Every structure is written in C-alpha cells, then in structure tokens.
Engineer: 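Can you keep this structure in mind? I'll have questions shortly.
The first residue in the sequence is number 1, and the count goes up from there. Bear in mind that the values here come from a model prediction, so they are computed numbers and not experimental data. All ligand and atom numbering here is 1-based and tracks the order in the structure.
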Amino acid sequence: MNSLHIAIVSGASRQGRQSHKVAQHLFSLLQQEEAIEVNLIDVSSADIPHYQDGDLRSLEVQEKHAAFSKQLKEADCIILVSPEYNGGMSGSLKNFLDHFRPEYDRTVFGLASVSSGSMGGLNAMQQMVAFVSYVGGFLSNSRLLVSDISRGFDESNAVIDARLEKNAKRFAEDVVWLGRAVKAKKLEEIKG
Ligand SMILES: Cc1cc2nc3c(=O)[nH]c(=O)nc-3n(C[C@H](O)[C@H](O)[C@H](O)COP(=O)(O)O)c2cc1C
C-alpha cells in the first residue's frame, strides 16, 4: 500500500509558543498510524526570510526553498497549525506559505488554530480557510479549534485536556480519510 504523506506546518515562531505543542501532538498521533509518513515543518527553524521573488533570493534561500517545495509537493495532505495573533493567522506562517503556490493545487488541507482565550483562534481559522480556498486546496471536513491552550498540556507536553485529545484524534482521522480518497483518485487518473 502506498504511504500517505503528510506535512504539518507549525506556524508560531515566538519563544514560549504554545501552539507548537498542538503541532507536535498531531505529529505523534499520525506517526503512530500505519502507512503514513509525516514530517513537521517548523516555520521558526525553517528560517525563510520575508518573501522575495525567486531569482532575487540568495543561493542559500533558494536551496531551502527547493527543499521545502519538495516536501510540500510530495505531501498528500498539509496540516497548518496557527496561533491567533491580533485577529488572524501568524505572520510567520503566512510569509512561509506565500513562498509556494503550485505545491498546494488539489492538496488536502487540515487546519488547526490555537488561542489562549475561549474562541479557539476562530479569526486565524477563517483566514486559513480563505487561503486554502484561494490556492486551490481541498479542505478537510473537520477543523481543530483549540481554546484555553494553557490548560491543554502538562509540563512534559502530554495532552491533559480530554476534549482536545478527542478533537485532535477525530481531526487527524478526517484529514487522513480525505487524503486517502484524493490520493486514490489521483492514482486512478495516472493509471488511466
Ligand atoms: C502578538 C500576539 C497577538 C495575539 N493576539 C491574539 C488574538 O487576537 N486573539 C486571541 O485569542 N489570542 C491572541 N494571542 C494569544 C495567543 O492566542 C496565545 O499566545 C496562544 O498561546 C497561541 O500562540 P502561541 O503559539 O504563540 O503561544 C496573541 C498572542 C500574541 C503573542
């Protein structure tokens, strides 16, 4: 059986970020599944500078760009995890995403937003939904909105919020379900 490739993009770059714990939790959930290859792209260590047109990028950035492009192109599903900052998705995440475009076409997206308050980063979520729709991705049916993130994990970063645990599991299952369906359709088309 062909493995399903999933790339998780963790969108916070500040020290002390909490949303990265959600990205890590999704990573470990998916890693436990059979026939799934998952990798975690961390915008904080990706070190991709502010957007610049291709040929104006330094050689170093062009190399990094090519490596991330390959990862995103190979991904059957892309999961975006964003904190909510000032009523939207994080600027670091948007900057990272703007460096790519054809990589997103007909790719399944799962969206997770995180906030310290009670709204689960709904504004960030809405921006991500608009982004996916604009770039021609397929949106998974369930979205993960994580509120009160400070209550989500213990000191060893294990989930302690039962609702988060349940929602994250269902979210991951739904992304995988759609990812497999779309991948099967693409393989069918290739075989003719
Ligand atoms: C610059 C900044 C702006 C923020 N703006 C919002 C906001 O608009 N709405 C909200 O619910 N939380 C907001 N928060 C709180 C974050 O949701 C909170 O820090 C949460 O832990 C997710 O971000 P993190 O991954 O950086 O920790 C903001 C935090 C920062 C640092």
Side-chain angles (χ1 to χ4, degrees), residues 6-32 38-52 64 68 71-72 75 77-100 103-104 107-135 137 139-175:
I6 301 181
I8 300 175
V9 185
S10 181
S13 53
R14 75 175 184 94
Q15 267 188 34
R17 61 196 175 156
Q18 299 296 307
S19 55
H20 191 61
K21 296 176 185 173
V22 174
Q24 286 174 316
H25 179 60
L26 292 169
F27 178 79
S28 62
L29 270 183
L30 290 161
Q31 225 184 7
Q32 289 161 27
V38 55
N39 65 302
L40 182 55
I41 299 173
D42 181 352
V43 297
S44 159
S45 54
D47 211 15
I48 286 280
H50 290 151
Y51 183 85
Q52 183 57 267
K64 277 187 199 163
F68 287 122
Q71 284 182 43
L72 293 170
C77 310
I78 298 174
I79 293 177
L80 306 180
V81 180
S82 182
E84 177 160 318
Y85 290 160
N86 296 322
M89 74 165 99
S90 85
S92 321
L93 177 61
K94 182 67 168 67
N95 178 60
F96 178 85
L97 294 173
D98 283 345
H99 282 77
F100 310 96
E103 289 82 351
Y104 305 133
T107 299
V108 168
F109 278 80
L111 303 178
S113 57
V114 182
S115 85
S116 49
S118 59
M119 301 297 284
L122 184 60
N123 297 301
M125 176 60 75
Q126 282 172 338
Q127 281 193 346
M128 290 192 287
V129 168
F131 173 83
V132 172
S133 143
Y134 193 86
V135 298
L139 202 51
S140 173
N141 56 317
S142 61
R143 295 159 208 182
L144 185 63
L145 288 116
V146 183
S147 43
D148 299 318
I149 185 64
S150 61
R151 298 197 198 142
F153 297 86
D154 67 14
E155 298 86 45
S156 64
N157 292 344
V159 188
I160 48 172
D161 177 343
R163 200 174 55 148
L164 168 57
E165 190 172 14
K166 179 169 159 260
N167 291 346
K169 193 165 174 292
R170 175 66 202 259
F171 169 78
E173 282 167 7
D174 283 344
V175 172

Engineer: Considering only heavy atoms of G87, which atoms of ligand 1 have at least one such atom less than 4.0 Å away?
Structural biologist: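 Here the atoms of ligand 1 in question are 7 (C), 8 (O).
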
Engineer: List ligand 1 atoms under 4.0 Å from V114, heavy atoms only on the residue side.
Structural biologist: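 Those qualifying, in numeric order: 17 (O), 22 (C).
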
Engineer: Short list, please: which atoms of ligand 1 are under 4.0 Å from a heavy atom of I149?
Structural biologist: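 In order of numbering, the contacting atoms are 20 (C), 21 (O).
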
Engineer: Starting from atom 24 (P) of ligand 1, what is the nearest protein heavy atom, named by residue and atom, and what distance separates them?
Structural biologist: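 Of every protein heavy atom, Q18 N, 3.5 Å lies nearest to atom 24 (P) of ligand 1.
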
Engineer: Distance to 0.1 Å, residue and atom name: give those for the protein heavy atom nearest to atom 14 (N) of ligand 1.
Structural biologist: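 That would be E84 O, 3.2 Å.
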
Engineer: What's the shortest distance from atom 5 (N) of ligand 1 to any protein heavy atom, and which residue and atom give it?
Structural biologist: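 Answer for atom 5 (N) of ligand 1: N86 N, 2.7 Å.
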
Engineer: Does the N or O separation between R17 and ligand 1 drop below 3.5 Å for any pair?
Structural biologist: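 The answer is no, given that R17 and ligand 1 share no N or O pair closer than 3.5 Å.
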
Engineer: Note the single closest protein heavy atom to atom 31 (C) of ligand 1, along with its residue, its atom name and the distance in Å.
Structural biologist: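 The closest heavy atom on the protein side is Y85 CE2, 3.8 Å.
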
Engineer: Judged on heavy-atom distance to atom 15 (C) of ligand 1, which of S116, G11, S82 sits nearest?
Structural biologist: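 Selected option, by shortest heavy-atom distance: S116.
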
Engineer: Is it true that M119 lies under 4.0 Å from ligand 1, counting heavy atoms only?
Structural biologist: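 It does not; every heavy atom stays at 4.0 Å or beyond.
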
Engineer: Under a 4.0 angstrom heavy-atom cut-off, which atoms of ligand 1 come close to A12?
Structural biologist: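 Listed by number with element: 25 (O).
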
Engineer: Side chain or backbone, does S19 bring an N or O within less than 3.5 Å of an N or O on ligand 1?
Structural biologist: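 Yes; the residue has a nitrogen or oxygen that sits under 3.5 Å from a nitrogen or oxygen of the ligand.
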
Engineer: If the cut-off is 4.0 Å to any non-hydrogen atom of P83, which atoms of ligand 1 fall inside it?
Structural biologist: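 Checking each atom against P83, I get 22 (C), 23 (O), 24 (P), 25 (O).
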
Engineer: What residue and heavy atom of the protein are closest to atom 11 (O) of ligand 1, and at what distance?
Structural biologist: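 Result: S115 CB, 3.4 Å.
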
